[in-house]
2 protein chains.
Amino acid sequence: MQTNEAFNIEGTANVLKLLGDKTRLTMVKIMSEHECCVCEFVDVFDMSQPAISQHLRKLKDSGLVNEARRGQWIFYSLNQTSLYYSYILTVIKELPSQNFKVEELTAQGKRICCD
Amino acid sequence: MQTNEAFNIEGTANVLKLLGDKTRLTMVKIMSEHECCVCEFVDVFDMSQPAISQHLRKLKDSGLVNEARRGQWIFYSLNQTSLYYSYILTVIKELPSQNFKVEELTAQGKRICCD
DNA sequence: CGAATATATAATCAAATGCTTATTTGGTTA
DNA sequence: TAACCAAATAAGCATTTGATTATATATTCG
């Protein structure tokens with residue numbers, strides 16, 4: 001819901017608040033490493049499917065992520081054209097990789113792949 | 001209350017949440033341009049003195065700002081040695097200057113100066 | 001010392017947030 | 001078309017957050 005082309009305090013605060021949640025920040029880090037669908041997030045986080053959907057909706061509403069349906073699944077990825085994309089890169093660059101979480105899914109045969 | 005030397009998701013999310021409040025983000029921007037004491041913030045924001053103190057306390061508890069007593073007043077400034085200082089710079093760099101707010105104080109003779 | 005001023009803390013409360021369960025929507029597939 | 005599955009939405013609830021007012025603490029100054 002980013003209405004302004006330039007950075008302003010209100011919009012920036014909103015984005016920082018969104019990123020200031022452990023679950024969403026982890027989601028963003030994961031998406032910087034892999035595209036992911038909702039059910040994968042549900043497996044990664046010990047959390048209900050609606051909880052995951054609600055987090056993704058907030059990220060989507062503020063334009064930070066894209067969604068794309070592929071078959072049965074809806075995949076989420078970082079929106080590289082967001083005004084705030086460079087902030088996101090700055091922040092997640094230093095965070096520990098979350099690849100291991102997705103690799104656990106792969107090991108359990110739970111990874112969704114639509115290639 | 002930053003316990004870890006390295007960036008981790010929990011600590012980073014906490015800092016982003018702190019910055020994800022319009023009042024605190026504006027305070028941080030102001031502090032990047034001027035050192036400020038509590039009563040100046042009270043004049044700048046239309047908000048009670050305890051509300052200001054509580055915001056500053058959160059910023060101080062997470063190590064983002066320093067406080068220094070000078071006479072009757074306690075001045076707050078950005079802690080340039082914080083692990084997260086460069087994040088803060090990245091974010092506030094693009095925000096519109098808040099100098100005009102402090103200049104209004106000066107015009108009203110409300111600016112505190114201890115030089 | 002005692003009054004005045006600046007700041008911090010305590011207690012309280014309304015609004016916002018993040019989760020849950022139940023249900024609905026939308027696309028796929030037999 | 002009907003059953004199935006992924007994801008979204010609705011409703012409800014506990015917790016957190018950010019404000020307020022009242023009070024306490026610290027420092028300065030007459």
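Treat the numbers as computed from the prediction; the structure is a model and nothing was measured. Just so we're on the same page: letters track the sequence lines, and every chain starts at 1.
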Is B:F41 touching bases, backbone alone, or none of the nucleic acid, heavy atoms closer than 4.0 Å?
nothing

Which part of the nucleic acid, if any, lies within contact of A:F45, taking any heavy atom under 4.0 Å across all strands shown: a base, the sugar-phosphate backbone alone, or nothing?
nothing

Run the side-chain contact (heavy atoms from CB on, under 4.5 Å) test against B:C37 and tell me which residues pass, sequence neighbours left out.
B:C39, B:E40, B:W73, B:F75, B:I112

Sequence neighbours left out, what passes side-chain contact (heavy atoms from CB on, under 4.5 Å) with B:E94? Give chain and number order.
A:F7, A:Y87

Got a donor-acceptor pair under 3.5 Å from the side chain of A:Q49 to the base of D:dA8?
yes

For the residue pair [X] and [Y], what are the closest heavy atoms and their distance?
{"X": "B:S62", "Y": "B:L18", "answer": "OG-CD1, 2.8 Å"}
{"X": "A:L19", "Y": "A:L25", "answer": "O-CB, 3.5 Å"}
{"X": "A:L56", "Y": "A:M27", "answer": "CG-CE, 4.1 Å"}
{"X": "A:R24", "Y": "A:K17", "answer": "NH2-O, 3.7 Å"}
{"X": "B:I30", "Y": "B:F41", "answer": "CG2-CE2, 4.0 Å"}

Taking the side chain as every heavy atom from C-beta outward, state whether A:D43 and A:Q108 have any pair of such atoms under 4.5 Å apart.
no

Ranking B:R69 and A:S53 by the position along DNA chain D of their nearest nucleotide, the one closer to 5' is A:S53

Nearest nucleotide by nearest heavy atom, which residue falls closer to the 5' end of DNA chain C, B:E67 or A:P50?
B:E67

More than 12 heavy atoms from other groups under 6.0 Å of CD on B:E33
yes

For B:L16 and B:Y84, what are the C-alpha separation, side-chain angles and deciding distance, and is it a side-chain contact (heavy atoms from CB on, under 4.5 Å)?
CA-CA 10 Å; B:L16 294 172; B:Y84 300 96; over 6 Å; no

side-chain contact (heavy atoms from CB on, under 4.5 Å) with A:Y76: which of A:I74, A:N79, A:L78?
A:I74

B:M31: which of B:V65, B:L64, B:T26 passes side-chain contact (heavy atoms from CB on, under 4.5 Å)
B:V65

Where do N or O atoms of nucleotides 15-19 of chain D meet protein N or O atoms at under 3.5 Å, pair by pair?
unit_1 : atom_1 : unit_2 : atom_2 : d
D:dG18 : OP1    : B:D21  : OD2    : 3.4
D:dG18 : OP1    : B:R24  : NH2    : 3.2
D:dG18 : OP2    : B:R24  : NH1    : 3.3
D:dG18 : OP2    : B:K58  : NZ     : 2.7
D:dA19 : OP2    : B:H55  : NE2    : 2.2

Quick one: CD on A:E103 to CD on A:Q98, what's the gap to the nearest 0.5 Å?
11.0 Å

Nucleotide interval of DNA chain C bounded by contacts with chain A (heavy-atom cut-off, under 4.0 Å):
C:dT17 to C:dT28

Of the residues in residues 27-37 of chain A, which ones touch DNA chain D at a heavy-atom distance under 4.0 Å?
A:C37

Where do N or O atoms of nucleotides 28-30 of chain D meet protein N or O atoms at under 3.5 Å, pair by pair?
none

